[in-house]
Each structure stands twice: as C-alpha cells, then as structure tokens.
Amino acid sequence: MDKASGNSSIVVALDGPAASGKGTLARLISDHYGLAYLDTGTLYRGVAWLVMREGGDPADRERAAAAARDYAIEKLSGADIRTKEVGAAASVVAANSEVRAALLDFQRRFAETPPKNAVGAVLDGRDIGTVVCPDATVKFFVTASPKTRAHRRWLELIEARPELQESEIYQDLLERDARDAARDDAPMAAAQDAELLDTTHLSIDAAFAAARRVIDGVFRRCG
Ligand SMILES: Nc1ncnc2c1ncn2[C@@H]1O[C@H](COP(=O)(O)OP(=O)(O)OP(=O)(O)O)[C@@H](O)[C@H]1O
Ligand SMILES: Nc1ccn([C@@H]2O[C@H](COP(=O)(O)O)[C@@H](O)[C@H]2O)c(=O)n1
C-alpha cells in the first residue's frame, strides 16, 4: 500500500551505493512477493551508453538530455551497459537535472501501475525512497563497506575483464559514490524512514532474510 496516496500497489524501494547488493535483493524480493522489478540504474546507464555510442560526451548537458528524452529500451538491444566505463558515465549524466526529469515519469508510472498486473513493484537506485517514490510502502538503504563492494564488483567483472585490478574498481566506486552523493539534484541518500541494511557481513541469503523480516512486518501492520 502506498502510504499517502492510498494507491493499492505495493512499492518497495531499495537505494544505496554501487555494488551494495540492491539489485540482488530486489530480484529476490520481486520473485518472492510477485512484484515487478525496475533496476533504475539501467535507465541512466542506457542514456550514457546512447550518448557514448554517438561519440558524444556524457557531460554534454544538452546531448544527454536529448538522449534521455528519446530513451527507449529497444535502442539498447545488445548493448553492454554493465561495464565500469558505462557506470562511470551514468553517474555523469545522472547529475543532469534534465536527464533526471526525463526519466522520472517512467519510474513513477512503473511503481504506480506495475506491468503484467503485478500486485506491486520493487525499484532499486539512488533516489527511489527520497524522490521517485517518497511514499513507498517499504524503504531500504542497502550498503556495505567500500572494500567489500569493490571486491564483489571485481568478482562480477573479472571473468569478462581479467585485466581489471580490484584497486581500480575500488577507486571507481569511491568516485562514483562521491558524485552520486554530492550532486544537487536527487543526491544518493537514505530516506529518513528507510531501513538501513548493511550487507558487509551478510550472505545473500542472510540479507534477503533480514529484508523479508522487515517487509513481512510492514505487511502485517498494513493488513
Ligand atoms: N550479501 C552479499 N554477499 C556477497 N555477494 C553479494 C551480496 N549481495 C550481492 N552480492 C554480489 O555483489 C555483486 C553486486 O551486487 P548487485 O548487483 O546486487 O549490487 P547493486 O547494489 O545493485 O550494484 P549497482 O548499483 O552498481 O548496480 C553481484 O555479483 C552480487 O552477486
Ligand atoms: N535511481 C538512480 C539509479 C541510478 N543512478 C545513477 O546511475 C548510476 C548507475 O546505477 P547502477 O545502479 O547501475 O550502479 C549510478 O551510479 C547513479 O549515478 C541515479 O542517479 N539514480
């Protein structure tokens, strides 16, 4: 239940820094509760990829804004948007208010009217609980130590990119986290009513169990 609007759809918001485990948890929550899942980072990664594919600079405000306004998932078929470089570029376009404005409606519509008649939606990102869905049913701020997050991301990328150094990933994550937290528009921050979930010393299963305890508790109180 969306707290304020009374909207019948359940909205679970997961925010937090890069490689904290938001997406992993969001997919498990989506499957367990039958919620539609939106990884909002893919929107910003997609905009950055589209700009770079045309040889543009992600810092080019008008070019990035135009790419966001013309964003369509179909334009990204076959695109590898999970690379370190696209992640860094995504955090550059994400500081562009026109890009954020162009992507906001789609995220809110997804939450309010989830696809495939799902009973609700789970969205992960940086500003879901603060800007996109401030009245979400349940909010989490998922984090882990920078070293833990860098190690997890390194493990994720190393198979495809054996040349990658973990130290390079660590530095990249710190720079991206700083950009995300320092920007004026919709900075990465924990909503005041978000549950803090530090996964540094939690397995995926343990983190999921902790999240379920919170969600089930809210659902019991909401009836
Ligand atoms: N609790 C955990 N313990 C160990 N590994 C984890 C845990 N949670 C997630 N991982 C692994 O860490 C990597 C990053 O996780 P995930 O993609 O969920 O992070 P994220 O917060 O969504 O990252 P980003 O915001 O950069 O997309 C994945 O390979 C995932 O399998
Ligand atoms: N709601 C969001 C989601 C993402 N971003 C920006 O996109 C970058 C990539 O996101 P990932 O979740 O795929 O790591 C991220 O670093 C942010 O700069 C955002 O601003 N808001």
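Note that the coordinates shown come from a computational prediction; the quantities given were computed from them, not determined experimentally. In each ligand, atom 1 is the first atom listed, and ligand 1 is the first ligand listed.
In terms of protein heavy-atom proximity, atom 12 (O) of ligand 1 is nearest to Arg152 CB, 3.3 Å. For atom 13 (C) of ligand 1, the nearest non-hydrogen atom of the protein is Glu156 OE1, 3.7 Å. The single protein non-hydrogen atom nearest to atom 7 (C) of ligand 1 is Ile204 CG1, 3.4 Å, given as residue, atom name and distance.
Near Leu202, with a cut-off below 4.0 Å to any heavy atom, the atoms of ligand 1 are 1 (N), 2 (C), 3 (N). Within ligand 1, the atoms closer than 4.0 Å to a non-hydrogen atom of Arg82 are 27 (O), numbered from 1 in the order shown. Heavy-atom contacts of Ser20 reach the following atoms of ligand 1: 19 (O), 20 (P), 21 (O) (cutoff under 4.0 Å). Shown in contact with Thr24 at under 4.0 Å from a heavy atom are these atoms of ligand 1, numbered in order with element: 9 (C), 15 (O), 16 (P), 18 (O), 30 (C), 31 (O). Atoms of ligand 1 lying under 4.0 Å from any heavy atom of Gly23, numbered from 1 in the order shown and given with element: 18 (O), 20 (P), 22 (O).
Side-chain contact, Tyr44 with Asn96: no donor N or O sits under 3.5 Å from an acceptor N or O. Between the side chains of Asp198 and Thr200, at least one donor N or O lies within less than 3.5 Å of an accepting N or O. A donor-acceptor pair shorter than 3.5 Å can be found between the side chains of Asp124 and Tyr37.
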Could you pull out all donor-acceptor pairs under 3.5 Å where a side-chain atom in residues 16-30 meets a protein atom, sequence neighbours excluded?
{"residue": "Ser20", "atom": "OG", "partner": "Pro17", "partner atom": "O", "Å": "3.0"}
{"residue": "Ser20", "atom": "OG", "partner": "Val142", "partner atom": "O", "Å": "3.0"}
{"residue": "Lys22", "atom": "NZ", "partner": "Gly16", "partner atom": "O", "Å": "3.2"}
{"residue": "Lys22", "atom": "NZ", "partner": "Pro17", "partner atom": "O", "Å": "2.9"}
{"residue": "Ser30", "atom": "OG", "partner": "Leu35", "partner atom": "O", "Å": "2.5"}

Exercise. Kindly determine whether Tyr71 and Phe106 satisfy ring pair (Phe, Tyr, Trp, His ring centres under 6.0 Å), including the steps that lead there.
Key: CA-CA 10 Å; Tyr71 180 91; Phe106 172 77; 7.3 Å; no
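Glu168 is not listed as a side-chain neighbour of Trp154, based on a closest heavy-atom distance of 4.5 Å or more. Using a 4.5 Å heavy-atom threshold, the side chains of Arg69 and Glu98 count as touching. Side-chain atoms of Arg183 and Arg100, non-hydrogen and from C-beta on, do get closer than 4.5 Å to each other. Asp15 places none of its side-chain heavy atoms less than 4.5 Å from the side chain of Lys139. Using a 4.5 Å cut-off on side-chain heavy atoms (C-beta onward), Phe219 and Ile10 make contact.
Of the candidates Gly16, Ala19, Gly41, it is Ala19 that places a heavy atom closest to atom 24 (P) of ligand 1. Between atom 20 (P) of ligand 1 and the options Lys22, Arg176, His201, the minimum heavy-atom separation is to Lys22.
By the criterion of side-chain heavy atoms lying less than 4.5 angstrom apart, applied directly or through intervening Ile, Leu, Val, Met, Phe, Trp or Tyr residues, Leu103 is grouped together with Leu76 in one hydrophobic cluster. Under the 4.5 Å side-chain heavy-atom criterion for grouping Ile, Leu, Val, Met, Phe, Trp and Tyr, Val99 is connected to Leu38 within one hydrophobic cluster.
Inclusion of Arg153 in the set of residues having an N or O under 3.5 Å from an N or O of ligand 1 is warranted. Taking distance alone, with nitrogen or oxygen atoms compared against 3.5 Å, Gly21 approaches ligand 1 more closely than that limit. For the pair Arg27 and ligand 1, the shortest N or O to N or O distance does not fall below 3.5 Å. Taking distance alone, with nitrogen or oxygen atoms compared against 3.5 Å, Ala18 stays at or beyond that limit from ligand 1.
Heavy atoms of Arg149 come nearer than 4.0 angstrom to ligand 1 in no pair at all. At a 4.0 Å cut-off, at least one heavy atom of Arg126 sits close enough to ligand 1 to count as contact.
At distances below 3.5 Å, not a single donor-acceptor pair connects side-chain atoms of Arg161 with backbone N or O atoms of Glu163. Judged by distance alone, with hydrogens and angles left aside, the side-chain atoms of Thr143 form no donor-acceptor pair with the main-chain N or O of Leu196 at under 3.5 Å.
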Identify all pairs of nitrogen or oxygen atoms, one from ligand 2 and one from the protein, separated by less than 3.5 Å, and list them with distances.
{"residue": "ligand 2", "atom": "1 (N)", "partner": "Thr40", "partner atom": "OG1", "Å": "2.9"}
{"residue": "ligand 2", "atom": "1 (N)", "partner": "Arg126", "partner atom": "N", "Å": "3.2"}
{"residue": "ligand 2", "atom": "1 (N)", "partner": "Asp127", "partner atom": "OD1", "Å": "2.9"}
{"residue": "ligand 2", "atom": "12 (O)", "partner": "Arg126", "partner atom": "NH1", "Å": "2.9"}
{"residue": "ligand 2", "atom": "13 (O)", "partner": "Arg45", "partner atom": "NE", "Å": "2.5"}
{"residue": "ligand 2", "atom": "14 (O)", "partner": "Arg126", "partner atom": "NH2", "Å": "2.9"}
{"residue": "ligand 2", "atom": "14 (O)", "partner": "Arg176", "partner atom": "NH1", "Å": "2.8"}
{"residue": "ligand 2", "atom": "16 (O)", "partner": "Arg126", "partner atom": "NH2", "Å": "3.4"}
{"residue": "ligand 2", "atom": "16 (O)", "partner": "Arg176", "partner atom": "NH1", "Å": "2.8"}
{"residue": "ligand 2", "atom": "16 (O)", "partner": "Asp180", "partner atom": "OD2", "Å": "2.7"}
{"residue": "ligand 2", "atom": "18 (O)", "partner": "Asp180", "partner atom": "OD1", "Å": "2.5"}
{"residue": "ligand 2", "atom": "18 (O)", "partner": "Asp180", "partner atom": "OD2", "Å": "3.4"}
{"residue": "ligand 2", "atom": "20 (O)", "partner": "Arg100", "partner atom": "NH1", "Å": "2.7"}
{"residue": "ligand 2", "atom": "20 (O)", "partner": "Arg100", "partner atom": "NH2", "Å": "3.3"}
{"residue": "ligand 2", "atom": "20 (O)", "partner": "Arg183", "partner atom": "NH1", "Å": "2.9"}
{"residue": "ligand 2", "atom": "20 (O)", "partner": "Arg183", "partner atom": "NH2", "Å": "2.8"}
{"residue": "ligand 2", "atom": "21 (N)", "partner": "Arg100", "partner atom": "NH2", "Å": "3.0"}

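Residue contacts with ligand 1, taken as heavy atom pairs separated by less than 4.0 Å, involve Ser203 solely via the backbone atoms N, CA, C and O.
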